[in-house]
There are 2 protein chains.
Amino acid sequence: MGIIERKERDKQEMRLKILETAQQIFIEEGFEKASIRAIADRIEYSPATIYLYFKDKNELFFSVHEMGFEKLILEMTIAIEGITDPIEELRARGFAYMKFAFQNPEMYDLMFIQNAPMESIKESSVWTCGHQCFELLCQTIQKCIDQNYIRFDDIYIASMSIWSFMHGLVSLKIRNRFQKFGEAHVNELMKSSVEQMIAIISK
Amino acid sequence: MGIIERKERDKQEMRLKILETAQQIFIEEGFEKASIRAIADRIEYSPATIYLYFKDKNELFFSVHEMGFEKLILEMTIAIEGITDPIEELRARGFAYMKFAFQNPEMYDLMFIQNAPMESIKESSVWTCGHQCFELLCQTIQKCIDQNYIRFDDIYIASMSIWSFMHGLVSLKIRNRFQKFGEAHVNELMKSSVEQMIAIISK
DNA sequence: TTGTTCAACTAAACAGTGTTCAGTAAATTT
DNA sequence: AAATTTACTGAACACTGTTTAGTTGAACAA
């Protein structure tokens with residue numbers, strides 16, 4: 001009896017369709033404009049239908065942000081292929097992170113700035129994809145500490161610090177707090193900032 | 001003829017009343033809950049009245065965020081009183097910044113994370129209060145570089161980097177991305193992170 | 001004092017949001 | 001063929017920011 005299997009497939013397909021449409025709209029027009037009604041309109045279903053596949057908007061965008069993490073984790077993995085020096089690995093991961101943010105600003109915003117995805121795992125649940133991504137950084141930092149290439153001794157303090165530094169740069173840019181530096185130069189300044197920071201924390 | 005002066009005073013008073021009520025509601029209940037209607041309700045005027053004093057919600061919250069900057073700038077000024085060593089000054093300013101964020105999370109959010117205040121100065125206008133605050137950091141960094149106490153040579157790269165680091169820490173906390181570390185330990189970890197960073201960039 | 005002007009204010013509406021629920025219609029099972 | 005289950009939706013609810021036409025009372029000029 002393949003009917004229940006086909007139904008299950010249909011259900012997953014529909015879920016994916018909603019997810020991809022949500023992602024598409026919000027990448028093109030931002031989180032604000034990605035309303036349930038706009039998504040429903042584009043897939044030609046009623047808004048109420050979306051609630052048969054997702055508990056609420058937060059849960060829907062939690063799933064979208066998970067797709068973002070899949071991409072970021074992939075890119076941060078590819079970035080270090082063939083690199084042996086731990087500091088070079090750290091640089092590669094840092095620039096992969098920044099590149100992702102530049103190329104997918106709306107997605108970065110959702111993953112690391114917006115409240116929505118975190119609201120959906122408030123209490124009880126866990127931010128698995130976030131931790132997975134953080135783990136990549138920890139692995140690199142671990143190597144740096146082991147080989148005595150970095151001015152940190154604690155992996156978690158180091159990882160927390162470096163992540164915060166990178167996120168600070170990127171999120172101040174995304175949320176327009178670097179207005180002062182001008183759209184034209186800010187990206188170059190940010191890259192210099194990362195480069196200098198790596199030089200300073202290396203030993 | 002003091003009538004037009006009294007009217008001007010009344011107008012300013014009303015403006016301030018709206019501003020303070022907006023601040024109050026949003027500090028207590030967050031940005032989302034601080035709706036025009038909620039503010040209007042509390043001051044016992046109709047929502048439309050608010051639009052006689054502010055162009056839109058963005059402009060209203062731009063003014064609220066300016067009050068936040070007045071406070072932050074004051075605290076970051078007081079914090080360094082009596083300190084002569086530039087690195088100690090940097091530490092004091094860093095911890096004053098972090099303390100402000102811990103004690104006024106909603107206001108910090110508005111000042112450095114929310115889009116609203118920046119939307120109201122999009123194009124043409126300038127983020128004066130933000131630049132003023134950044135200038136304080138630059139002054140301290142300048143001293144550090146002049147006295148050769150810090151591993152940076154460029155003031156702007158240094159200031160940008162240190163601000164980004166601090167903002168990254170604070171904003172990841174505020175937007176719940178440090179879930180992993182647990183509510184109980186995260187504040188201590190953040191302080192250690194700042195302490196270590198200062199140790200590393202000092203020379 | 002009267003009539004007029006002007007400013008402050010608001011009720012009501014518009015267009016949008018997330019979300020819920022009763023009801024329909026078709027597919028599946030008995 | 002009848003009963004049940006499933007997928008879906010129209011319409012409503014309670015909100016949001018914002019605009020506009022209209023009211024009311026104070027200030028001014030005759």
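Chain naming here is simple, since letters A, B, ... match the order of the sequence lines and numbering starts at 1 in each.
- B/R9 has its CZ atom 18 Å from the P atom of C/dA7, to the nearest Å.
- As a whole-Å value, the separation of A/E32 CD from C/dG16 P is 15 Å.
- The distance from atom OH of A/Y45 to atom C1' of D/dT6 is 13 Å, rounded to the nearest whole Å.
- In this structure, A/R15 places its CZ atom 14 Å from P of D/dA7, rounding to the nearest Å.
- Defined by atom type and a distance below 3.5 Å, a donor-acceptor pair is missing between the side-chain atoms of A/N176 and B/K122.
- Rounded to whole angstrom, the span from the CD1 atom of B/I39 across to the P atom of D/dT18 amounts to 11 Å.
- Side-chain N/O atoms of A/Y108 and A/Y97 include a donor and acceptor closer than 3.5 Å.
- Residues satisfying the salt bridge (Lys or Arg N to Asp or Glu O under 4.0 Å) criterion with B/R42, sequence neighbours excluded, are B/E28, B/E29.
- Phosphate proximity of C/dT17 to A/S35: present, with a side-chain N or O under 4.0 Å from OP1 or OP2.
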N/O-N/O pairs, protein side and nucleotides 19-21 of chain C side, under 3.5 Å:
unit_1 : atom_1 : unit_2 : atom_2 : d
C/dT19 : OP2    : A/Y51  : OH     : 2.6
C/dT19 : OP2    : A/K57  : N      : 2.9
C/dT19 : O5'    : A/Y51  : OH     : 3.2
C/dT19 : O4     : A/R37  : NH2    : 3.4

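- The CG-P distance, from B/D41 to C/dT10, rounds to 12 Å in whole Å.
- Atoms CG (A/L52) and P (D/dG10) sit 13 Å apart, rounded to a whole Å.
- Counting any heavy atom pair closer than 4.0 Å across all strands shown, B/Y53 reaches sugar-phosphate atoms only and no base atom.
- A/K11 has its NZ atom 8 Å from the C1' atom of D/dT6, to the nearest Å.
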Under 3.5 Å, which donor-acceptor pairs do the side chains of residues 31-38 of chain A form with other protein atoms, sequence neighbours left out?
unit_1 : atom_1 : unit_2 : atom_2 : d
A/S35  : OG     : A/A38  : N      : 3.1

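- Every side chain to side chain contact (heavy atoms under 4.5 Å, CB included) that A/H131 has, sequence neighbours left out, goes to A/V126, A/W127, B/Q179, B/K180.
- A/F26 pairs by the ring-ring contact (aromatic ring centres under 6.0 Å, His included) definition with A/F61, not counting sequence neighbours.
- Considering only residues two or more places apart in sequence or on other chains, A/E81 meets the side chain to side chain contact (heavy atoms under 4.5 Å, CB included) condition with A/I78.
- For D/dT9, one of the phosphate oxygens OP1 or OP2 lies less than 4.0 angstrom from a side-chain nitrogen or oxygen of A/T49.
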